[in-house]
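Sequence lines set the chain letters: A, B, ... in the order given, protein chains first and strands last, and positions in each chain run from 1. Values below: all heavy atoms of this structure, side chains included; hydrogens, waters and symmetry mates excluded.
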Number of protein chains: 2
Amino acid sequence: MSDQTTLTDAVHTLLKRAIIEQALKPGMRLPEDTVGEQFGVSRTIVRHALVRLQNEGLVDTRRNRGAFVAEPSLEEAKQIFEVRRALEAEVIRLLVERMPSSGFDQLESHVRSEQGVKGKDGPVSIRLAGEFHTLLAELTGNAVLSRYVSEVVLRCSLIMAMYAKTHSSECAVDEHSQVIEAIRARDVARATAIMNHHLGAVAGRAELENKPDSVSSILSRYGKELAS
Amino acid sequence: MSDQTTLTDAVHTLLKRAIIEQALKPGMRLPEDTVGEQFGVSRTIVRHALVRLQNEGLVDTRRNRGAFVAEPSLEEAKQIFEVRRALEAEVIRLLVERMPSSGFDQLESHVRSEQGVKGKDGPVSIRLAGEFHTLLAELTGNAVLSRYVSEVVLRCSLIMAMYAKTHSSECAVDEHSQVIEAIRARDVARATAIMNHHLGAVAGRAELENKPDSVSSILSRYGKELAS
DNA sequence: GGCAAGCAAATTGTATCCAATTGACGCGAG
DNA sequence: CTCGCGTCAATTGGATACAATTTGCTTGCC
């Protein structure tokens, strides 16, 4: 997968990183030829990359209008967090049951990386916070689960980019350590509780900000009057 | 989504149906221009559809080699069932909590459809059995969850196509009814237990059939002798 | 008879080209 | 002054053409 280095993969990866690091902000347009000439490839490539990003829920495309960085509505955000909670609970259950031998080392090493950028709210911090969860999922050895977790984590990054003022990474790192410890102690209930609290805090921080809901979701409540 | 009727969507849908109904069997090649001229569209469209199918795990593509209907290994199959169990457990939890008003009617109506084709092991039976689970997921109102369930259900259909002699739909229909009843009674534990048993039976049936494993996975056990 | 090198066919990877749809601007009527 | 309509630029949707890579087969050599 990684060495299957077609141009489409490269563009896809770059765009993905640009989106989750908030270089490309939600709602921003992504014209195919602009992106294409930026990377020095043709529209065909960009198009394929955009199709994949759309499947991952990171961009929305509207027919004959173009692609935009996705703007998840609050409703969508809730759904994503709901799924994420369920998936990560499964991850924890599996890890308590069968954490690979080098697993804890990798996790602790990652947490140290996170602590290394503690305080800075830059893009690196955001990416690392997400990658902790992705790493956790990969350690289950279940590629399907890992892919899904990766997707929802990325979309959550996008949500935080929209609805949270700051990523507040300091509490996250602590909770990451606590999760590791609970898993090491084979305490499913505690690990799940911490994880739920962790995600709940993140989700709550997002929802408390009274950012305007997406336009389409607002108008959908008024559209019925014109439906006849 | 449905009225965004681009050609890519159409081809994607058709190929998907052809695969899960086993008209296209696992391992079968899907050359872009063959498929293209079959549907009367250009390779561009087919390629987009194939990219999407690959993301859904229904086809494998190898660089400069082409696309093949996926042949999930037993390992992959186990992973998919693992994720499916977790996702469907979440579906049940959510439905017990917030089943929409017309939900039970839709479910019972669907089960009646399934009973209508009872006994026939044709493609229709396979599709309906899967759609029950998809419908269940859609009733949660969570589009993300619904999409993931839909994906794993489809991949499970593919797995059954490879590893199970018959789809044995008669027990499935019964268990579907039992799940509905348990949800109606708001009994999460029972509903989950039935669902796990249901999926376990399906998975077990797949593994007990000693169908040949995928070629690469078989040969990997013999390759060592020639490896030097 | 088996094996390696090389050639030819098939298939994908990428770029370019034409057509169709959309949004915006400007003009004129009320 | 505002609203509706027509034209036009911009952008995507789709098809075709060319290049690169792989595969299988043929051929010649050992």
Side-chain angles (χ1 to χ4, degrees), chain A residues 1-15 19 24 27-71 214-216 219 223 226, chain B residues 1-15 19 24-56 58-71 214-216 219 223 225-228:
Chain A
M1 193 77 156
S2 293
D3 68 312
Q4 185 125 330
T5 179
T6 128
L7 284 181
T8 303
D9 290 326
V11 172
H12 173 246
T13 302
L14 287 179
L15 283 178
I19 290 175
L24 297 172
M28 199 171 270
R29 289 205 57 207
L30 297 171
E32 292 175 1
D33 40 8
T34 302
V35 177
E37 74 186 29
Q38 194 67 21
F39 289 121
V41 297
S42 123
R43 274 181 49 210
T44 312
I45 310 301
V46 179
R47 184 104 152 244
H48 287 187
L50 289 177
V51 167
R52 283 160 64 162
L53 287 170
Q54 183 186 19
N55 282 350
E56 295 168 23
L58 262 51
V59 313
D60 281 340
T61 70
R62 265 128 80 176
R63 185 178 171 76
N64 290 316
R65 291 268 328 251
F68 306 80
V69 178
E71 301 180 276
S214 86
V215 177
S216 63
L219 292 186
L226 297 171
Chain B
M1 193 82 155
S2 294
D3 68 315
Q4 183 123 334
T5 178
T6 134
L7 283 180
T8 303
D9 291 325
V11 172
H12 173 246
T13 301
L14 287 179
L15 283 178
I19 290 175
L24 296 172
K25 298 205 188 318
M28 198 171 271
R29 291 204 56 208
L30 297 172
E32 294 176 359
D33 42 8
T34 300
V35 177
E37 74 187 28
Q38 194 66 21
F39 290 122
V41 297
S42 127
R43 275 181 48 214
T44 313
I45 310 300
V46 178
R47 180 189 278 282
H48 283 159
L50 288 177
V51 167
R52 283 161 62 163
L53 288 169
Q54 183 186 19
N55 281 352
E56 295 168 24
L58 262 49
V59 313
D60 280 341
T61 70
R62 268 129 80 176
R63 184 179 172 77
N64 289 317
R65 293 265 331 247
F68 305 81
V69 178
E71 301 179 277
S214 84
V215 177
S216 62
L219 293 185
E225 301 170 10
L226 298 170
S228 72

**Under-4.0 Å side-chain N/O to phosphate OP1/OP2 contact, B:Ser42 with D:dA15** = yes

When rounded to whole Å, the CG to P distance for the pair B:Asn64 and D:dA20 reads 12 Å

B:Glu37 atom CD is separated from D:dT16 atom P, nearest whole Å, by 12 Å

Would you indicate, yes or no, if C:dT14 has its OP1 or OP2 atom less than 4.0 angstrom from a side-chain nitrogen or oxygen of A:Thr6? yes

Rounded to whole Å, CG of A:Asp33 lies from P of C:dT14 at a distance of 18 Å

Here the distance between atom P of D:dT21 and atom CZ of B:Arg62, to the nearest Å, is 19 Å

note: B:Arg47, atom CZ; D:dG13, atom P; distance rounded to Å ~ 17 Å

To the nearest angstrom, the CD-C1' distance between A:Glu32 and D:dG14 comes to 11 Å

When rounded to whole Å, the CG to P distance for the pair A:Leu50 and D:dT12 reads 9 Å

Residue-phosphate contact under 4.0 Å: B:Arg65 side-chain N/O, D:dT23 OP1/OP2: yes

B:Ile45 CD1 to C:dA19 P, in whole Å, measures 17 Å

Requested in this report: Would you indicate, yes or no, if D:dT12 has its OP1 or OP2 atom less than 4.0 angstrom from a side-chain nitrogen or oxygen of A:Arg63?
Outcome: no

Using only modelled atom types and a 3.5 angstrom limit, is any donor from either the side chain of B:Arg43 or the base of D:dG14 paired with an acceptor on the other?
no

